[in-house]
Amino acid sequence: MKKILYIALTICMPYLCIAQVTMGDVLIKNGTLLTITKGILAETDILVEKGKIKRIGKNISAPSASYKVIDAKGMFVMPGIIDAHSHIGLDVVNEATSPVTSEVNVGDGIDPFDINVYQALAGGVTVSHAMHGSANAIGGQCQTIKHRYGTYNPSDFIMEGAPRTIKFALGENPIRVHGEGSGIVPRTRMGVEQIFRTAFTEASIYKQKWEDYNTGKAKDIPEYSTRMEVLRDILDGKIIIHCHSYRADEILMLMNVLKDFNIKKICFQHVNEGFKVAPELAAFGATASVFADWWAYKMEVYYSTAYNAAILTRNGVITSINSDSGELIRHLYHEAAKTQRYGNLTDEEALKLITINPAIQLGIDGRVGSLEVGKDGDIAIFDKHPLSIYAIPQFTIVDGTVKFDRKNDKIDMRIIANPDDKVTSSFIEYHSHDDRCMEGVADFLFKVHSHK
Amino acid sequence: MMYKVKLLFIFICVAGLSTLGYGQMYNEITSTVYLQNGKVITKPGAAPIRTNILIKDGMIREIGNNITIPYDAKIIAIDSHFVYAGFIDALNHTGLKRDEPTANPERGQGRAAQQGPRIVPGQATLEQSGVTPQKSVVKSYSPEENSVKDMRNQGVTVAHVVPTGLMLPGKGSIISLKKGGTTDQHILKKDMSTYARLAPTGSLSPSTIIGVMSKFRDVYKNAEILQKNSMAFDMGKEGVSRPSYSEEYNAMIPVVNKKEQVFFETSQVKDIHKAMILQKELGFPIVLSSITMADGLINEIKKLNSPLILSLKLPEPIKKDTADKKKKTEEDMLIAKRSEDAYNVLVGQAAMLEKNGVKFAISMKDVKPADIKKSIKTLVDKGLSESQALAALTTNAADLFGMSSKMGSVEVGKMANLVICDTSYFAEKSKIKFVLVEGQVYEQKPAEKPARADNKPVSAEKGVLGKFSYSVNVMDNINTGWVKIEKKADSYKIFVKSDDSNDIDEDVNKIDIKDLKVKFELNTDIGGSPIIVNFDLTFDGDNYSGTANIGGFGSFPISGKRIPE
Amino acid sequence: MKRNIYFVFALLLSMGSISGQMVSKGEGGTFVLKNATLYTITNGIKTGDILVENQKIKAIGTNLALPSGAKSIDCTGKRIYPGFIDGGTTLGLAEVSSVSVTVDHNEIGDVIPQMKALTAVNPNASAIPVTRTNGVTTVITHPTTGRFAGTAALINLHGYTPDQMYGGFSAVRMLFPSTGRFGRWDRRTDEVIKADKEKAFDLINEVWKDLTLYHRIDSVATLRKTKLSNYRPDLHTLLPVFRGTAPLLIEVNKREDIQEALGWVKKYKVKAIFTGVKEGWRVADEIAKEKIPCIVGPILDNPGRDYDAYDIVYKNPSILSKAGVLVAIRTSQNENVRNLPFNAGFAAAYGMGTEEALKAITINPAKIFGMETSYGSLEVGKWANLVICDGDPFEMKTKISHVFIKGWSVPMENRHTQLYDEFLTRSPGLEVKD
C-alpha cells in the first residue's frame, strides 16, 4: 500500500506548479467565522474574488464554476495568522559588521524555496515579518512577506504596499557582537543609547545637507549613503521600528530617545520585561510583540513571565505573539492559546494576538488580520476551535489561492531539489530553538559552527 | 637506490629545460598558412563546405577552391576535417598569474592587517570591502600561464578575461589566447567591462549578500555624484568645492553613463533576481553572467532583453546506483528521482533558453578544460541544437562583445581563429586536431597527456601531496574545510580553505615537510583580527591527524583524509 | 576565542544577580480529595475520592471518611490525574542556559558515565516551580555531552535536597554515534560525517573491550573478596550495563542510526531504552520487533528532512505506539518542561488519541523505568503525585488548581505568577514622584 503511494507520487507529483502571484476565487461555505473584529458568525459563507473578500453572509453561491468551493461545515474559519517576528523565507539574517546597518534590506535576500514557509502555511500562517537579526543596535530593514509558496520569483513574496520596517536591537546581542566581538562601542547599555543618539543626529545633518543642495543653498552634491537615507526616513516617520528588546530599562531608554527625535512608530519585539513598563508603553503608543512562554535562555530574559501578553493587553498595549522560529511559527494558534492558561485572556483577545494586532504592528491592518469585506482573501480553516490543542489546520488560503490543503498534503513539498541530495545525508538531528536573530553571527565571530 | 634518485633528478632537469627550447628561440618562418581541403562550417547552422582557406598575417584572406597558393605559405592538409570558427569564452579567469599578490583584495589586506592594527569590520575601506572596479585584468594576465594553453587546446581562441576578487573585482578585457609575446600584443579590447559578483567578504563589511547589494547602490550613486561634482568643478561653477577623488568611483563612471556593461556573475534564480533588482533600480547595462539555472525567471529575463552568459559548469552526472535494489526503500527511490529531475533541469538550461528564444554565450569559468567538450555534448544531448551550441561558442559571444565583424565565423576579412576537428565537433569521439589563433597554428599532439597531474608523484612525500579534508575540534566547535599541499619545482605551496569562508588562505609560512610529517604556519584572520595557526600533521596512507595550535589559545585536534581529485 | 573568555568572566561578575526561586512552602499531611472525576490511567475513569496519607495514595473510593487532622479538598467538577512524567529534560541542571557557569549538564570528556546528574540538581532552580504548576511532577534530568554522557536521574519536582527529590531510577545515558547534522549550518561533508561516526564507533568498541577485561577482573575480585588492582570510575559505572543488569538510555534519532543501534543493542545484549527517536516512524516495526521502549520527543519540532511531511514529528509517537512500541514522551527542555502536556496534546491530536497520549506521560514512562508500582497511575500504594484541574489538562484553557508531589501539596506559584501578581496593575503606575 505504502509502496503504491510512493510510486504514485513519483509519477504524478507536480511538486507545486510554478505560480505567479495569483489572485484566486474561492467560496467557503457554512463555516463558523471567527472574524476577530466583527464577532463570531455561525454557519456563514465567505466569498473571495480575485484575491479579495467580496462577501460575507448566508447562502452565497459561487458566481461561476471556476470558483473553488470549500465545505467548511463544522469547521472554524479565521483570518490568516500573522507572525510579526520571523526569519523564514530568508537567505540572510544578519549583516553583523557594524552597530548601524540600516543600509541593508533583508528584502534583497528572500528565499522563496524555504520549506519553513510551507510548514508555516500548514500552521495557518499567511503573512510573516521577515526580519533582520539582532546583532546591531540599528539593524537592517525588514520585509513583510506573504506566503505565496510555489513561486520561483523572490519578488512575489513581497507584500506589495506594506509599510517599510526596520530592526533595532538592545541589550546582550549588540553588546556581545560589537563591544565584546570587535572592541568598539557599545559594550554596555549606555553605549547602545549613544549609538541611537549619534545615528539620528547624523541623519538629521545628512538630511539638512541634501535639503541645502536641493534648494540651491549649497552647490556640491553631498555624498550618498543608503544608511543615512534610511535613518532619515525613520526621522520622517516613513519606517516602523521593530526593536528587539528585553529589559525594562532599555525599553524606557529607547522611548526617551525616540521622544527626543520625535519618532512615534515603534513596536518592541520580545520585550520580555515589557510587563514591568506596560503603563509607559501604553502612554507612548508603543506596541509589543512577545513570545508566549520563552524565558531563562539568557540573562536578560531571566526575570520573565509567561503572563507578559496578558499584563500588556490588560494595560492597553497592543500585543502580538510571535514565533522568531521556524518551529513555533507552525503552531502560533497554540502559542496564542497559552495566554488563556497564563492570564485568562478571552478567545477573542487571544486570537487578536496572532491576527489583527500583528497586522496593526506591521501597518497592514487595512489589508489583513480580520475577516472583513474588502480585505485580502487570506484565510485559515481549522477543524476545531483554533485555540484548542486538538485543532488541526485544514486549509490555508493566500489571496484566495489555496496554498495548504491537509487532505492533499504531499510528501516532499520542496520547490527545488539539488542533484546531489541524498537520503543518507539530509537528516537534521534537531532544530535549534535559539532565536535565529543571532544567526550568522557565530560564523562571523569565530568562523566555527556551534556544535553542541 | 641512490642511483635511481640521481636518475630521477637528471630527468627532471632535462624535462624542465626542454620546455624552454627551440620553439621560443626563433621567429616563425612564415605568417602565411594555407589550409587545404577542409569541411568548413562558416557559421552556426551552415552546412559544411569542402574548400580551402588562405590566412595571412592573422587574418582570413581567401576562402575557395581556386586559391593561388603563395610561395611562402605553410600548407596544412586537413582532408575531410571539420573547420569551425574559434570558440570564445565569454567570461573566465584564463591566464591570470597564480601568484598575483593582489588577486584577492581581502587576502592582501589580511596580510597588511597582521602588521598594522586590527580592522574593525564596519570600517573596512572600499578595497577591503572588495570594491576595486579600477583594477585592470591586463596586469594580472600572462600568455605563458598553463590555463591559456589548456583552454586553447580545447578550441578557445579568445576569452573575456576578468580579474579575481570580491564584489567589484575590476575590469575585464578581451584577449586572444596566443602564445608568446607580451600581454599587450594579445589584447583585443582593453578594460571593456566591469565585473561584478554577489561576493561578501566573510568577515568585514559587507559580510552578507544583502550587504553587497547595499554597497553596490552606494558605490554606484556616489560615482554618479562624483561625476556631476567634477563636471561642476571643471566648469568653474561658483560655490563649488573640489570633489575628493576616488579611483573606485571614477572607475564606475563609464557604467553610470551606460557606456560599459556590468558582467554580473549570478548563478541560480535567487542571485539572478538580486542582480536584476539592482539593474532595475540603477539602470546600468547588464550582462547576466555565469547562469546555471534561470527557471522561473525566464519571462523577466526575456523582458530585460539583455545579453546572457550561461555557465558551462554542470553538476556531476548522477551515478547509477548499483546497490542492491531490495535494500532501497521507496523513500530512497523518491529522493533519487527528485535529484535526477533536478539534474535534468540544470543540464537542460541551455535547451530551455533556446526554446524561449533567449540568445546566450558561454562561460567556461570553473570548468576543467578537459570537460569542456563533454559538457557541450551534454547540453546537446539534453535538447540544445548543435547550431545554437555553436552560436553560443562563437557568434553570440562575438555579438556580445561588439566584435562580430572580426570574429565568430569563418569568413574572409575575419581573424583567423579556427578550430579543426577530425569529424563533427559534436560527434561522440571527435578530436580537435588544430587550433588557430590569429593564424598561429597549434597542432594537437595525440599523446599530450599532462605528465605531472596524472602520474603519481614518485618521491617519499607522495603521501602528503594532494587535497585533504580537515576537521578541527575547538572546544566542541567543529570547523571543517580542506588543505591542499602542492609541490612546484623544489618548493611547497599550501592552501587552506574553511567551509565557512569563500576565501582560500594561502599565506602559509615555515613549511617543513619531512617524510610523512608536515608542519606549517598559517596567517589568517578571525573576525578581522589576524591570527596565526600552527599545524603539525602526521600522514598515514590517505589519512592524517595532528594538532592545530591557534594563536596561543591552545592546541586542538585536527584530522582529515584525502579528497580524490 | 579570547573574547569568549572575557565573556565568561563578565558573566561571572554578574552572577550575583542570579538566584533561585523563592516560593512558599509545600503543605504536607493527610488529604482527602472529595468527589472528583478520577482519570486513573490503568483503571478507567471514575468518580470518587482519594485519600492521601504518608505521601501515598492510601485509598480510592466513594465517600471516604475524613481521618482526624486530614484536610478535605472539594473536587466537585474537577478531574484528578496522576502527575505527569517527562522522560528527558535538563531540569535543575541549568539556571540560565547562555551563562555557562550556571550550566551543569555538560561535563568534559567522552566517556564519563560516572557523572551523576542528581549531584548537580539545584532544588531551588527557578524553573522547577514553573514546571510543576503545569502538572509535571516528575522528570528524568540528564547530562548532555560525551559519548557516555553521564547518569540520568528520575526526580520529583519538590524537595530541599537532591536525595529528597530522587525518584528511585537512574541510568547511564549514551549518545549513539550520529550521521545526522546538528542544525542547518552543520556543513560537514558526507565523508567527514562518516569519518566522525567511525571514530565514535572505535571509541565504543574500545570501551567495550576494556569492559570485557574489567568485568573479568571485577568478577574474580568479588569472588575472592579482594580489592581491584585499579579503580576505573567510568568502567565501574558501565559494568551493570555491560552485564545487562542495568538499562542504558540511548539517544538516537536518524533512521540509519536507529537501525545501527538496533544491531548494536542486539549484539551486545544491552538493555536499551531509546530516546529522542525522531525518525522512529520510519522504522517503527523494527523497533517493535526488538521490544525496545522509546522516550520520544520533543514532539513540537520540525521534520528532520526537508522533504518529510510537515506533521510527521507530531505523528511519530502515534506511529510507534500503533506498531507496538512502549512510548513515553519528553520535551528535551529545561526552562519549558511545562510544555510536556502540550507536546502530548499534539501527539494526541495527530493520531495517538488523548488516552494513549496520557499514558505516554504517566504509566508508560513509569513502566520504562521499572517504577510502575510507584508512579504513573491513580492506584492505592503509589506515591501521591496528583494533578487536580478543571478540564482536559492538554487544553491550554484548563486551569490546574492543585498539584501533589509525594503527598505534598505544592504551592501553585512560581516566578511567572509572582511577576503577574506584582505587575498586572502596577503601583505606582505612570505617575512620577518628585
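Naming: A, B, ... by sequence-line order, numbering from 1 per chain. Since we're looking at a predicted model, the values are computed, not measured.
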Chain A: which of A309(C), A94(C), A348(C), S178(C) shares the most heavy-atom pairs with it under 4.5 Å?
S178(C)
Mind ranking G345(C), P341(C), S332(C) by heavy-atom pairs under 4.5 Å with chain A and telling me who comes out on top?
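If we count pairs closer than 4.5 Å to chain A, G345(C) comes out on top.
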Contacting moiety of [X], where chain C heavy atoms sit under 4.5 Å:
| X | result |
| --- | --- |
| D293(A) | both |
| L387(A) | backbone |
| N308(A) | neither |
| F404(A) | side chain |
| I115(A) | side chain |

Top contributor to chain C contacts, counting heavy-atom pairs under 4.5 Å, from [options]:
| options | answer |
| --- | --- |
| Q119(A), H334(A), R314(A) | H334(A) |
| G183(A), A350(A), A296(A) | A296(A) |
| A278(A), P279(A), A337(A) | P279(A) |

Report yes if the side chains of [X] and [Y] come closer than 4.5 Å at any heavy-atom pair, otherwise no.
| X | Y | result |
| --- | --- | --- |
| E280(A) | L430(C) | yes |
| W295(A) | N336(C) | yes |
| V277(A) | R426(C) | yes |

Are H416(C) and Y342(A) an aromatic pair, judged by ring center distance below 6.0 Å?
no
With only heavy atoms counted, which part of [X] is less than 4.5 Å from chain A, the side chain, the backbone, both or neither?
| X | value |
| --- | --- |
| I312(C) | neither |
| V313(C) | neither |
| T425(C) | neither |
| K399(C) | side chain |
| T398(C) | both |

[X] to [Y] - nearest heavy-atom pair and separation:
| X | Y | result |
| --- | --- | --- |
| D301(C) | E327(A) | N-OE2, 3.6 Å |
| Y390(A) | A349(C) | CA-CB, 3.8 Å |
| V96(C) | Y302(A) | CG2-CD1, 3.5 Å |

Looking just at side-chain N and O atoms, do N134(C) and R341(A) make a donor-acceptor pair shorter than 3.5 Å?
yes
Worked check of side-chain contact (heavy atoms from CB on, under 4.5 Å) between K338(A) and N339(C):
CA-CA 10 Å; K338(A) 286 177 180 170; N339(C) 284 333; 3.5 Å; yes
Write out all pairs satisfying salt bridge (charged side-chain N to carboxylate O under 4.0 Å, His left out) with one or both partners inside residues 335-354 of chain C, taking only residues at least two apart or from two chains.
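Applying salt bridge (charged side-chain N to carboxylate O under 4.0 Å, His left out) to every pair that reaches into residues 335-354 of chain C, excluding sequence neighbours, yields nothing.
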I need the [X] [atom1] to [Y] [atom2] distance, nearest 0.5 Å.
| X | Y | atom1 | atom2 | answer |
| --- | --- | --- | --- | --- |
| D409(A) | D311(C) | CG | CG | 6.5 Å |
| D421(C) | I311(A) | CG | CD1 | 8.5 Å |
| N302(C) | I329(A) | CG | CD1 | 10.5 Å |
| E335(A) | M396(C) | CD | CE | 9.0 Å |
| Y307(A) | R415(C) | OH | CZ | 14.5 Å |
| F427(A) | D308(C) | CZ | CG | 8.5 Å |

Counting heavy atoms not belonging to R147(C), are there more than 12 under 6.0 Å from its CZ?
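Yes - once you tally the heavy atoms of other residues, nucleotides and ligands closer than 6.0 Å, there are more than 12.
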Scan F346(C), F342(C), Y350(C), Y310(C) and name whichever one has a ring pair (Phe, Tyr, Trp, His ring centres under 6.0 Å) with H331(A).
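Answer to the ring pair (Phe, Tyr, Trp, His ring centres under 6.0 Å) test with H331(A) among F346(C), F342(C), Y350(C), Y310(C): F346(C).
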